[in-house]
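What follows is a short report on a single structure.
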Amino acid sequence: MNILLLGSGGREHAFAWKIKQSKHCSKLFIAPGNPGTASLGENILLNLNDFNATADFCKSNHIHILVVGPEDPLVKGIYDFLKSDVALKDLIIVGPSAEAAQLEGSKAYAKAFMQRHGIPTAAYKEFTKENFEEGRNYIQNHSLPIVLKADGLAAGKGVVIATSHEEALKTFEEMILDAKFGEASSRVVIEQFLKGIELSVFALTDGKDFVLLPEAKDYKRIGEGDQGLNTGGMGAVSPVPFAQGAFMQKVVDKVVKPTIDGLAAEMLVYKGFVFFGLINVDGEPFVIEYNCRMGDPETEVVMPRLSSDIVDLFVAMDNHTLSNQQLVFDERSAATVVTVSGGYPEDFEKGKVISGLDAVFSPETIVFQAGVRQIDNQLVTNGGRVLAVTSLGSTITNAVTSSVNAISQISYEKKYFRTDIGYEFK
Ligand code: AMP
Ligand code: GLY
């Protein structure tokens with residue numbers, strides 16, 4: 001089968017690495033990809049949001065499966081666009097319709113969906129310019145801290161946890177009146193703060209049945225001990241030690257099943273990954289967010305722990321046989337440590353020469369590339385998150401140690417990474 005994968009980050013390098021191992025994979029194309037994916041398939045120049053060009057590419061290259069890495073094309077309707085083309089009617093698209101992608105594209109849509117289906121989530125209210133004054137009153141009477149969320153996509157930056165009413169009011173004004181996140185913050189969800197440990201759970205669904213992939217926990221803050229600014233993700237571990245037994249049963253019964261049943265009941269077309277951003281509050285799972293795609297850097301620990309052929313799963317998703325699939329996981333622990341550019345998530349420089357990648361050749365360690373570009377024969381940094389270094393080990397501690405050791409072999413100017421990924425589980 002010919003497979004086209006959209007995206008260019010560490011997540012896509014991990015997907016490409018996994019897809020390439022499938023017995024079904026004949027040709028793999030990645031658009032636009034990065035130097036890491038170029039070693040696994042053919043990188044092609046394609047604008048992710050140019051659906052016409054994607055359709056043409058799929059036709060002329062006889063693509064059987066399209067895997068959409070990031071959320072943007074999904075929320076903008078790539079599924080619906082391609083499916084409306086009769087010449088692409090047999091194309092397997094891993095990713096939901098635009099309507100179903102609203103679970104990620106609109107926080108208010110997701111909250112209302114959860115309410116309709118009795119799925120545990122923080123209490124909330126939504127506000128726009130129209131009920132702005134009501135919003136101010138709501139904030140003034142709300143317990144602290146207060147969580148404010150821009151409704152639309154804001155590249156992971158649209159959530160503010162305010163610790164005072166003044167900060168919450170200021171943020172609320174900035175979001176709605178000053179359009180801090182553009183159109184995305186013209187509607188704001190204000191919700192109760194939940195205290196607990198977060199985890200990410202992933203399902204692959206055809207809109208009716210589902211399989212669960214290995215769960216993971218990501219580390220979003222820039223600093224050790226979860227201090228400082230939020231980033232796209234500084235590392236991840238899998239498995240999550242508390243995600244088992246009674247707790248995981250609750251995740252399935254109270255969150256995953258009601259979500260998939262809700263999609264079916266509302267006739268939402270969803271064939272793809274559902275990412276449940278959860279928080280464990282005293283043994284009870286609550287949904288913090290849905291994403292309509294896999295996580296980054298979670299994919300970089302999930303793919304190495306998935307022993308089953310991923311293309312088998314995509315085919316089963318398409319022909320509604322997911323319930324026959326018995327997934328096999330690698331029982332070892334996986335840890336990803338992300339190296340970033342100095343200064344990230346604030347201003348940083350690009351174009352720093354990366355060396356030492358060849359020195360990392362332990363069979364337990366894989367270096368996934370994220371913000372990397374090749375100029376002539378050199379790899380240079382090209383983003384905030386540069387490399388996602390994943391290792392497998394008998395324990396989370398061993399896996400993290402292997403990744404940290406591998407990173408010490410790699411150099412580029414102002415390299416920064418966290419050494420404490422997985423710290424709660426050591
Ligand atoms: P989101 O973009 O919805 O995933 O939110 C970003 C981050 O903000 C989450 O990963 C949580 O760490 C935090 N967060 C969001 N909502 C809440 C909440 N209701 N209570 C506590 N923390 C939250
Ligand atoms: N790691 C969180 C995300 O991909 O949104």
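Both ligands and their constituent atoms are indexed starting at 1 by order of listing.
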Passing option when Ser394 is tested against Asn398, Thr397, Ile396 for side-chain contact (heavy atoms from CB on, under 4.5 Å): Asn398
Contact atoms of ligand 1, heavy-atom distance to Lys149 under 4.0 Å: 3 (O), 15 (C), 16 (N)
Under 4.0 Å to a heavy atom of Phe193 - the qualifying atoms of ligand 1, by number: 20 (N), 21 (C), 22 (N)
Ile190, Val159, Thr121, Ile146: member with heavy atom nearest to atom 7 (C) of ligand 1: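 Residue with the shortest heavy-atom distance to the ligand atom: Val159.
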Option with minimal heavy-atom separation from atom 21 (C) of ligand 1, where the choices are Leu194, Leu278, Asn291: Leu194
Polar side chain donor-acceptor pair, Asp209 to His320, under 3.5 angstrom: no
Asp218 side chain to Ala236 backbone, donor-acceptor under 3.5 Å: no
Using a plain distance cutoff, I'd like to know if [X] has any nitrogen or oxygen under 3.5 Å from a nitrogen or oxygen of ligand 2.
X: Asp296; value: yes
X: Asp218; value: yes
X: Arg293; value: yes

Residue-ligand contact Lys195/ligand 1, heavy atom below 4.0 Å: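 Checking ligand 1 against Lys195, which is what was asked, there is no heavy-atom contact under 4.0 Å.
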Atoms of ligand 2 close to Asn291 [distance to a heavy atom under 4.0 angstrom, numbered from 1]: 5 (O)
